[in-house]
Amino acid sequence: MRWPSVLWLATVGGRADRTRIALTAVGAAAGVVALLAAATVAATGADDGPYTSQLLNEPGLHIGIVIALVLLCVPVLAFTGQCARIGAPGRDRRLAVFRLAGATPADVARVAATETGVAAALGSVLGLVVYMVGRVLLGAPVAATYTRSTEVAPDVFVVEEVTGRALRLPTDVLPPSWLIAVLVLAVPVAATLFALVALRRVVTTPFGVVRRQQVRPVQVVPAALFAVGTLGMAGFAALVQLTGLETAAEELIAVGFLVLLLCTVVGLVLGTAAISAQVGGFLARRTGRPALLVAGRRLVAAPFAASRSNSALLAVVLLAAAVQGFRSYTLLSQRRSGTEFYARALDAVDLALVVAGAVAAAGLLVGTLEGVLSRRRAAAVLTAAGVPRGVLARALLLEVLLPIVPATLLATVAGVLAARGVFGTTIREGVYAGPELVDVTVIDVPVPWGPLAVIAGGTTLAIAALTLLALPVLRRSADPGELRTA
Amino acid sequence: MTSTPHSAGDDEDLLVAGRALVRSYGNSPALRGISVGCRRGEILAITGPSGSGKSTLLLCLAGILRPDAGEVWFAGRRIDTDSEADRSRLRRTRFGVLFQFGQLVPELTAGENVAMPLLLAGVKRRPALTAAGTWLDRFGVADLAAHRPTEMSGGQAQRVAMARALVTEPEVLFADEPTGALDTLAGEQVLTELVRVARQAGTTVLMVTHDAKVAAYADREIVIRDGMADEGAPTSALRGALGRVAAR
């Protein structure tokens with residue numbers, strides 16, 4: 001098949017297909033903006049600025065911002081992945097018709113991947129435009145009070161507070177052109193490769209799309225990964241001391257920590273599928289409530305749907321809980337020298353996590369809506385048979401909440417345990433009589449119960465609220481009038 | 001035993017009746033003032049070409065769609081003015097509905113699908129599943145109780161759907177092309193079982209079909225063309241004969 005034909009077939013389609021392409025483009029644009037922002041911060045040196053944010057004025061903190069911006073791409077990617085499922089049944093039927101008309105399986109895969117690639121390329125260009133326009137719009141300096149540190153001797157800094165004009169963002173810095181080009185190209189290339197990999201499990205025949213048998217969720221591996229990761233992080237400081245790694249290179253210790261973090265997140269995400277299947281099966285075998293029965297059976301039938309939708313959000317919850325643990329430690333340990341700078345820096349991290357959580361939640365909403373739309377005929381038939389719409393709404397709510405509530409709790413616990421394991425549960429403070437150390441007091445770092453409750457409870461409530469947003473769509477799609485046209 | 005535009009709703013013997021029903025989809029009229037009635041225990045076939053309005057008529061009579069004009073009566077009570085919740089309750093408790101395909105919840109087992117209307121009525125899980133098993137047995141698919149719809153043939157799924165439609169022992173069964181997705185043999189088997197069970201239970205059946213052979217299972221047939229009853233249209237020569245055979 002010639003490329004113009006592939007391009008044409010990739011972009012023909014109905015409203016759902018156009019929505020999928022548009023949202024994929026938006027996701028790619030957000031990813032490109034985040035990556036370009038990260039590249040800009042990485043390119044910012046000590047001579048640039050000054051900036052209104054203390055985080056940007058301290059070159060030593062730039063690496064944290066870069067990591068946060070790159071991590072922001074995770075929920076953005078998850079969101080884009082969810083968007084790729086919008087209108088999937090209709091697209092599957094269209095691809096099957098292509099096969100019936102003589103297209104080879106490779107042609108069909110090219111058509112599907114091209115759709116994603118074109119949408120992501122459009123989004124990439126849009127992201128570049130947003131970045132460039134944003135530099136101009138936010139480029140004017142504003143009046144601000146900021147701190148400036150000057151190195152007066154090796155490792156000796158003088159920090160002074162200055163009032164003057166400063167930039168809100170590093171709009172005076174432009175990353176190298178080659179890096180901009182690489183990032184703008186990387187997103188559509190990655191999206192296309194991702195689509196091709198995702199299509200490996202899909203066989204499009206002339207009679208429809210066949211997905212290879214879904215693997216049942218295993219329970220031991222995720223549980224073991226989660227346990228190893230969480231316990232490893234909880235006892236990280238002791239573990240480092242025990243293994244004599246405290247004298248090793250910082251990079252080695254950081255890699256060890258990242259491996260444990262990865263184990264925890266992967267265990268949690270895979271474990272959500274196992275939790276979904278277990279909780280769903282347990283309830284469905286026992287309940288006499290129709291809504292719970294339907295929700296439970298759906299969780300058993302598609303346990304990976306829940307983990308796919310929730311994975312990015314759970315990663316954000318885990319990080320947010322870890323940050324709250326770090327905040328408790330930092331504010332206590334720095335209380336003598338003043339906590340304002342740290343509090344402001346951590347507020348900025350909190351804001352980034354809220355944005356990441358919002359993007360992840362948007363992905364979850366898209367996944368929920370896609371699930372509602374793909375089951376609309378079954379819903380319409382049930383309504384026609386007299387099943388109250390309230391039962392269908394409760395089934396949807398339960399289907400979303402049943403796996404997310406225990407998984408959110410686990411993510412919160414894992415996050416705070418990680419922070420306490422790495423930074424410690426106590427701080428030691430010297431008591432001086434003049435210059436002489438007379439005693440050392442040990443102070444317990446408090447567990448941030450309040451913020452943790454806000455994270456776990458807020459996430460659950462936010463997801464419930466998001467699911468409620470999907471109910472009008474459920475109501476419309478369960479209209480028995482749909483049956484006449486089916 | 002013919003229905004006239006004037007008798008529907010006036011006749012006290014009629015269990016279900018539609019009077020002067022009008023219904024449009026945008027600018028496309030589907031029903032243009034049609035009247036139809038069905039007596040208790042009767043099996044009525046509604047036939048006509050594609051797009052004639054027969055499915056719309058069935059959905060209006062079942063209280064699924066609300067007509068733009070006209071009246072729908074059930075057991076001497078007008079129902080088209082009822083709220084959506086009241087009409088849903090009526091469908092849940094006194095009607096059964098059967099469609100061509102895609103009517104089972106794919107994630108539930110056959111037993112749970114059939115038990116669903118009973119669970120909605122407040123019956124406990126165990127007795128609901130026991131009753132579901134009995135109905136699956138009547139349709140010869142008791143061994144599929146633990147299977148999901150994706151593990152069944154079209155004919156087996158349609159038998160499960162019939163069991164679900166009848167498990168509450170409804171007074172009326174509304175069936176829209178109940179064998180439309182089945183091959184000839186499976187369709188005949190399903191219809192034979194449907195008519196046999198309906199006769200035994202005294203259930204009234206209103207059945208939409210475009211297949212003259214399917215209409216032959218009915219006691220009476222009305223033909224619709226362009227949203228109106230076609231009084232002069234020929235009906236199935238075998239009308240009623242197959243239904244009587246099936247009832248034996």
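Reminder, nothing fancy here: chain letters follow the sequence lines and each chain counts from 1. Computed from a predicted model, the values in this text were never measured in an experiment.
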Margin query: With a 6.0 Å cut-off (strictly less than), is the heavy-atom count around CZ of R66(B), excluding the residue itself, greater than 12?
Written below: yes
Notebook entry, point to check: How close do A165(B) and T168(B) get, heavy atom to heavy atom, and via which atoms?
Noted result: O-OG1, 4.5 Å
Next item on the list: Identify, with sequence neighbours excluded, every residue that meets ring-ring contact (aromatic ring centres under 6.0 Å, His included) alongside F139(B).
Entry: none
Check: What is the distance from atom CG of L119(B) to atom CZ of R289(A), rounded to the nearest 0.5 Å?
Finding: 11.0 Å
Item checked: Contacts of S52(B) that satisfy side chain to side chain contact (heavy atoms under 4.5 Å, CB included) - sequence neighbours left out -> P49(B), K54(B), I224(B)
Item checked: Part of residues 76-91 of chain B lying next to chain A, heavy-atom separation under 4.5 Å -> E84(B), S88(B), R91(B)
Check: chain A heavy atoms under 4.5 Å from R148(B): which part of the residue, side chain, backbone, both or neither?
Finding: side chain
Next item on the list: With sequence neighbours left out, write down each residue that passes ring-ring contact (aromatic ring centres under 6.0 Å, His included) with F74(B), or none if nothing qualifies.
Entry: F95(B)
Notebook entry, point to check: Say you draw a straight line from CG of L397(A) to CG of L392(A); how long is it, rounded to the nearest 0.5 Å?
Noted result: 12.5 Å
Next item on the list: Go through V294(A), T287(A), V387(A), L382(A) and name the one with the most non-hydrogen pairs under 4.5 angstrom from chain B.
Entry: T287(A)
